[in-house]
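Below: one structure, written as structure tokens.
Note: hydrogens, waters and symmetry copies are ignored here, and every other heavy atom, side chains too, is used. Quick note: residue numbers are just sequence positions, from 1.
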Amino acid sequence: SVLSSSAQYGDMLRAQEKFAAATGTNMQTVARELQNTTKFAINFQEAAQFSSIGRLAGFTTEQVKKLAQIGTSAATILGRDVPDALSRMFRGVAKGEPEILDELGIFIRLDNAYKEYVKTVAKGQRVIDLTAAQRRQATFLAAEQAGKPMAEGNADAQINDIIKAQANFTNALKDTM
């Protein structure tokens, strides 16, 4: 319901303020940057959720923005809903689930991603010894590489004005509650 959604939104904002105080990472600033990266195809709550997933998975703000850029490009190329594409992008990379990324046209193999990470970043380590954080970074790097042509080839993608208006309306509605 609308009331329940508004309550969750308020809870999320308060939790993010506490997170910012504890870590120095202002999630609301990251969310605004994410909205800008997606050309305002997502509302603030969606941006805050995606930025939280990305930052809590250990990605930098720049990496979070890169995931949003690739996901937005995939959505526009494939004619998909941007929030749905971003959900798949963030879940696929954070959870190391390439099947989810496949649905966006981003094809990676985790075993190859881990081997490449050991070869280029974690030199001297064995794949089996990679931490969960390192595996997520390896997945990010592979997804970034696979999605790069899509993002660069669609850098000037246009977001439908109706989609932007819908996101802005949702923001305004939440702000009044």
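Between F90 and V64 there is a side-chain heavy-atom pair separated by less than 4.5 Å. In this structure, T61 and T29 have side chains that are not in contact, with every pair of non-hydrogen atoms separated by 4.5 Å or more. Two residues are said to be in side-chain contact when any heavy atoms from C-beta on lie closer than 4.5 Å; Y114 and T139 meet this criterion. Counting heavy atoms from C-beta outward, R88 and R80 have side chains that approach closer than 4.5 Å. Considering only heavy atoms from C-beta on, L101 stays 4.5 Å or farther from F107 through its side chain. I106 has its side chain within reach of M89: a pair of non-hydrogen atoms, C-beta onward, lies under 4.5 Å apart. Residues Q69 and K65 are not in side-chain contact: their nearest non-hydrogen atoms beyond the backbone lie 4.5 Å or more apart. Counting only heavy atoms from C-beta outward, the side chains of T25 and R55 approach each other to under 4.5 Å.
Taking CD1 of I100 as the start and NZ of K95 as the end, the distance is 5.5 Å to the nearest 0.5 Å. How far CD1 of I108 is from CD of E97: 11.0 Å, rounded to the nearest 0.5 Å. E33 CD to Q28 CD: the interatomic distance, rounded to the nearest 0.5 Å, is 12.5 Å. Interatomic distance, OG of S51 versus CG of L56, reported as 9.0 Å (0.5 Å rounding).
Remark: Q63 pairs with F59, T60, Q137, F140 by the side chain to side chain contact (heavy atoms under 4.5 Å, CB included) rule, at least two apart or across chains.
Contact record, A94 with R136: O-CD, 3.2 Å, taken as the closest heavy-atom pair. In terms of heavy atoms, V82 sits closest to T72 at CG1-OG1, 4.0 Å. Between A143 and I70 the shortest heavy-atom distance is O-CD1, 4.2 Å. The shortest non-hydrogen separation linking Q125 to V118 is O-CG1, 2.8 Å. Residues A47 and L34 share a closest heavy-atom pair of O-CD2, 3.4 Å. Across every non-hydrogen atom of A122 and Q134, the tightest pair is CB-NE2, 4.1 Å.
For the pair R32 and F44, the cation does not sit on the ring face, since its NZ or CZ is not both under 6.0 Å from the ring centre and inside 45° of the axis.
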Salt bridge (charged side-chain N to carboxylate O under 4.0 Å, His left out) between R14 and E17, intermediate numbers included:
CA-CA 5 Å; R14 283 187 291 282; E17 287 169 2; over 6 Å; no
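Side chain to side chain, E46 and Q35 fail the donor-acceptor criterion of an N or O pair below 3.5 Å. For the residue pair R91/S87, the side-chain donor-acceptor check at 3.5 Å is satisfied.
Under the 4.5 Å side-chain heavy-atom criterion for ILVMFWY residues, a single connected hydrophobic cluster contains both L110 and V121.
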